[in-house]
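I have placed the structure first, in the form of structure tokens, so that the comments after it can refer back to it.
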2 protein chains.
Amino acid sequence: MTAHKQVATVTVDVVLFTIRQGRLSVLLVARDDEPFQGCWALPGGPPVEAADLDQSAHDHLERGAGAAVSPGHLEQLRTYGAPDRDPSTRQISVAYLGFMPDLPAPVAVGDRPSARFWPIDDFLTGDDAPDLVLDHRRIIGDGLERARAKLEYTTLATTFLEEPFTISDLRRVYQTVWGVRLEPANFRRKVVERTDGFVEPTGESRPTGRAPALLYRSGPATELTPPLVRPEADEDD
Amino acid sequence: MTAHKQVATVTVDVVLFTIRQGRLSVLLVARDDEPFQGCWALPGGPPVEAADLDQSAHDHLERGAGAAVSPGHLEQLRTYGAPDRDPSTRQISVAYLGFMPDLPAPVAVGDRPSARFWPIDDFLTGDDAPDLVLDHRRIIGDGLERARAKLEYTTLATTFLEEPFTISDLRRVYQTVWGVRLEPANFRRKVVERTDGFVEPTGESRPTGRAPALLYRSGPATELTPPLVRPEADEDD
DNA sequence: GGAATAGTGTCTATGAGACATTATTCC
DNA sequence: GGAATAATGTCTCATAGACACTATTCC
């Protein structure tokens with residue numbers, strides 16, 4: 001194991017998803033340094049000294065984008081290390097995936113104009129898509145895949161919502177992330193009756209403009225067994 | 001994003017599982033360098049120059065353990081980067097997970113006495129467990145978890161087998177990795193009838209000592225929908 | 001009243017799990 | 001014949017999916 005120790009630059013980058021105005025969106029920061037002038041990038045940076053990678057991801061999220069950003073969920077996504085990722089030096093990026101509830105107002109991240117949430121479908125359709133640094137576009141794509149898969153067999157959809165929420169709120173999370181329409185009746189039964197600990201009733205209800213909806217908070221369960229099956233995409237909302 | 005570029009040592013390490021004599025086993029190499037004298041470690045090393053991480057993992061597998069090692073499957077597991085992993089320098093390890101069919105004879109890896117397959121249950125019971133370098137024991141644990149989960153919703157169990165194989169062979173893979181006993185009749189139906197493309201009949205059959213068993217090879221399917229559900233463990237074979 | 005949403009009821013098809021049955025081989 | 005394994009058959013129960021129905025609110 002001829003270890004001729006090789007130096008590589010390591011960064012930690014975060015794909016943070018939220019749902020704004022019914023659209024799945026990812027947090028991006030503007031890069032004003034050469035050679036990435038005018039490009040957008042995932043929030044990130046080198047591992048924080050004396051902190052593990054999870055903590056580093058969290059720190060870069062808050063520091064790069066504004067103090068108010070605290071994800072409801074953060075997990076390691078994948079590490080990217082193709083030798084030609086960066087034109088100058090070998091750069092290895094440990095990517096994280098995070099979910100966060102929508103912010104009540106478009107403020108919060110807004111006081112730092114160089115950071116914003118960008119709707120995901122802009123990437124997929126190609127319209128109005130920002131230039132992204134390195135392979136960050138691919139990382140976002142991988143993050144989207146992982147996010148979609150995770151909603152199938154975990155209770156993480158609730159981390160997109162603030163409590164308390166209605167079952168319809170939760171269903172809309174699934175519909176937005178998966179890009180499908182789900183049958184309200186069957187979805188409710190699956191979530192409320194068939195999966196213990198996914199959500200807990202608060203006893204309250206919220207007027208919605210139509211019939212009042214019962215309110216819930218997330219329960220102790222973390223896994224969905226059996227999973228919530230994802231239908232074929234029909235690209236709806 | 002005050003990038004005071006930090007140097008970290010990056011390694012690529014591989015958790016390679018196979019099934020030997022009915023026991024799930026992991027490939028380890030003996031370390032004879034200070035300060036790890038007498039310890040065992042996962043095969044690995046620094047990223048290979050001009051090769052991506054996947055390729056580096058594959059190379060280290062073959063180089064560290066013997067030429068004959070070619071995994072039936074290799075995927076990225078997770079990246080470990082706690083600041084106190086290595087007493088001397090900050091070390092970040094990109095871990096891979098691989099599956100491989102059992103070798104026909106205990107030879108192959110054997111001509112390099114410093115590498116061997118170690119039964120997984122030795123770690124879990126604590127008996128006869130080797131001293132492992134750094135946090136490699138935890139990495140193996142995470143790999144085991146991932147492997148068990150992957151068998152639920154992918155067709156990767158076939159990568160533990162050489163073709164052609166019988167349905168009982170395949171069932172024994174599940175039983176060994178999951179540590180449970182599965183109902184032969186229901187397992188067969190699930191694999192052969194309910195999951196298109198998991199296995200394909202060769203038309204041949206193999207005498208087994210009892211009734212002859214039909215032979216199969218793996219089919220084009222990669223995912224199991226719906227998944228093969230894993231029963232509660234009862235730690236059998 | 002009409003439209004939209006929340007929540008409940010009901011029916012069907014599918015599949016997992018349990019277990020019986022038949023066939024084949026070795027002792 | 002007896003034991004063990006391969007393969008098929010049969011039954012039950014849970015649940016996903018489709019859709020009807022009632023209740024509530026705003027227009």
Side-chain angles (χ1 to χ4, degrees), chain A residues 22 151-153 161 164-176 178 180-196 198-216 221 223-234 236-237, chain B residues 22 151-153 161 164-175 178 180-216 221 223-234 236-237:
Chain A
L151 293 208
E152 293 188 57
Y153 61 94
L161 296 173
F165 50 81
T166 70
I167 299 300
S168 291
D169 291 338
L170 186 58
R171 178 170 48 84
R172 272 185 279 271
V173 170
Y174 275 91
Q175 293 185 158
T176 302
W178 282 353
V180 299
R181 223 170 51 78
L182 298 174
E183 180 62 35
N186 296 332
F187 180 82
R188 154 175 297 278
R189 243 188 307 268
K190 173 70 178 177
V191 168
V192 176
E193 296 172 22
R194 294 220 234 276
T195 312
D196 282 349
F198 193 169
V199 297
E200 292 175 339
T202 63
E204 313 267 295
S205 62
R206 170 194 296 164
T208 64
R210 306 301 180 196
L214 295 174
L215 288 172
Y216 297 83
E223 296 193 349
L224 258 47
T225 48
L228 225 159
V229 292
R230 163 162 51 149
E232 317 297 322
D234 39 81
D236 275 14
D237 252 20
Chain B
L151 293 207
E152 293 188 57
Y153 61 94
L161 297 172
F165 51 81
T166 69
I167 300 298
S168 291
D169 291 338
L170 186 58
R171 178 169 49 83
R172 273 185 278 271
V173 170
Y174 276 91
Q175 293 185 159
W178 282 353
V180 298
R181 224 171 47 78
L182 298 173
E183 179 62 36
N186 297 332
F187 180 82
R188 154 174 299 278
R189 242 188 309 269
K190 173 70 180 178
V191 168
V192 177
E193 295 171 22
R194 294 220 235 278
T195 312
D196 282 348
F198 193 169
V199 296
E200 291 175 339
T202 64
E204 314 267 295
S205 62
R206 170 195 297 166
T208 64
R210 306 301 179 193
L214 296 174
L215 288 171
Y216 297 82
E223 297 192 351
L224 258 46
T225 49
L228 225 160
V229 291
R230 162 164 49 148
E232 318 296 323
D234 38 78
D236 276 12
D237 251 19

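Per chain, numbering begins at 1; letters A, B, ... match sequence-line order.
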For this session: Give one of base, sugar-phosphate or nothing for A:Pro184, where a contact means two heavy atoms less than 4.0 Å apart.
Result: nothing

For this session: Before giving the answer on side-chain contact (heavy atoms from CB on, under 4.5 Å), spell out for A:Leu182 and A:Arg171 the whole-Å C-alpha distance, their side-chain angles and the decisive distance to 0.1 Å.
Result: CA-CA 7 Å; A:Leu182 298 174; A:Arg171 178 170 48 84; 4.3 Å; yes

For this session: Whole angstrom is fine here: how far is it from CZ in A:Phe187 over to P in D:dG17?
Result: 12 Å

For this session: Assign each of B:Glu183 and B:Pro226 to its nearest nucleotide of DNA chain C by heavy atoms, then name whichever residue's nucleotide is nearer the 5' end.
Result: B:Pro226

Exercise. Rounded to the Å, how far apart are A:Leu224 CG and D:dA16 P?
Worked result: 10 Å

Exercise. Has B:Thr208 got a side-chain N or O lying under 4.0 Å from the OP1 or OP2 atom of D:dT5?
Worked result: no

Exercise. Checking side-chain contact (heavy atoms from CB on, under 4.5 Å) for the pair B:Arg206/B:Thr166: CA distance, chi angles, key distance, verdict?
Worked result: CA-CA 8 Å; B:Arg206 170 195 297 166; B:Thr166 69; 3.9 Å; yes

Exercise. Rounding to a whole Å, what distance do you find between B:Asn186:CG and D:dG9:P?
Worked result: 14 Å

For this session: Please state how far atom CZ in B:Arg206 lies from atom P in D:dA6, giving the value in whole angstrom units.
Result: 11 Å

For this session: Please report, rounded to the nearest Å, how far the P atom of D:dC19 is from the CG atom of A:Leu182.
Result: 15 Å

Exercise. With respect to the side chain of B:Arg172, which nucleotide from D:dA6, D:dA23, D:dA16 is positioned closest?
Worked result: D:dA6

For this session: For A:Arg188 and D:dA20, give me the distance from atom CZ to atom C1', rounded to whole Å.
Result: 17 Å

For this session: Go through B:Tyr216 and B:Val192 one step at a time and tell me if the side-chain contact (heavy atoms from CB on, under 4.5 Å) criterion holds.
Result: CA-CA 10 Å; B:Tyr216 297 82; B:Val192 177; 4.1 Å; yes

For this session: Quick one: label B:Thr166 by what it contacts on the DNA or RNA (base, sugar-phosphate, nothing), any heavy atom closer than 4.0 Å.
Result: nothing

For this session: Mind calculating the distance between CG (B:Asp169) and C1' (D:dA6) to the nearest angstrom?
Result: 12 Å

Exercise. Hey, which of these two, A:Val229 or B:Leu215, hits DNA chain D nearer its 5' end, going by closest nucleotide?
Worked result: B:Leu215

Exercise. If you check every side-chain atom of B:Ser168, which of D:dT15, D:dA6, D:dA20 has the closest atom?
Worked result: D:dA6

For this session: Tell me what B:Arg171 touches on the nucleic acid: a base, only sugar-phosphate, or nothing, going by heavy atoms under 4.0 Å.
Result: sugar-phosphate

Exercise. A:Thr176 side chain to A:Arg172 main-chain N or O, any donor-acceptor pair under 3.5 Å?
Worked result: yes

Seminar exercise, completed: Ranking D:dA20, D:dA6, D:dA7 by distance to the side chain of B:Leu214, first place goes to D:dA7

Exercise. Do the non-hydrogen side-chain atoms of B:Ile167 and B:Leu214 ever get within less than 4.5 Å of each other?
Worked result: no

Exercise. If you find the nucleotide of DNA chain D closest to B:Arg189 and the one closest to B:Pro212, which residue's nucleotide is nearer the 5' end?
Worked result: B:Pro212

For this session: Provide, to the nearest angstrom, the distance between the CD atom belonging to B:Glu193 and the P atom belonging to D:dA7.
Result: 12 Å

For this session: Determine the minimum heavy-atom distance between A:Trp178 and A:Val229, stating which atoms define it.
Result: CZ3-O, 3.8 Å

Exercise. Do B:Phe187 and B:Tyr174 have their ring centres less than 6.0 Å from each other?
Worked result: yes

Exercise. For DNA chain C, which nucleotides open and close the run of contacts to chain A, 5' to 3', at under 4.0 angstrom from a non-hydrogen atom?
Worked result: C:dA4 to C:dT10

For this session: Fit a plane to each ring of A:Tyr153 and B:Tyr153, take the angle between them on a 0 to 90° scale, and name the class: parallel (under 30°), tilted (30 to 60°) or perpendicular (over 60°).
Result: parallel

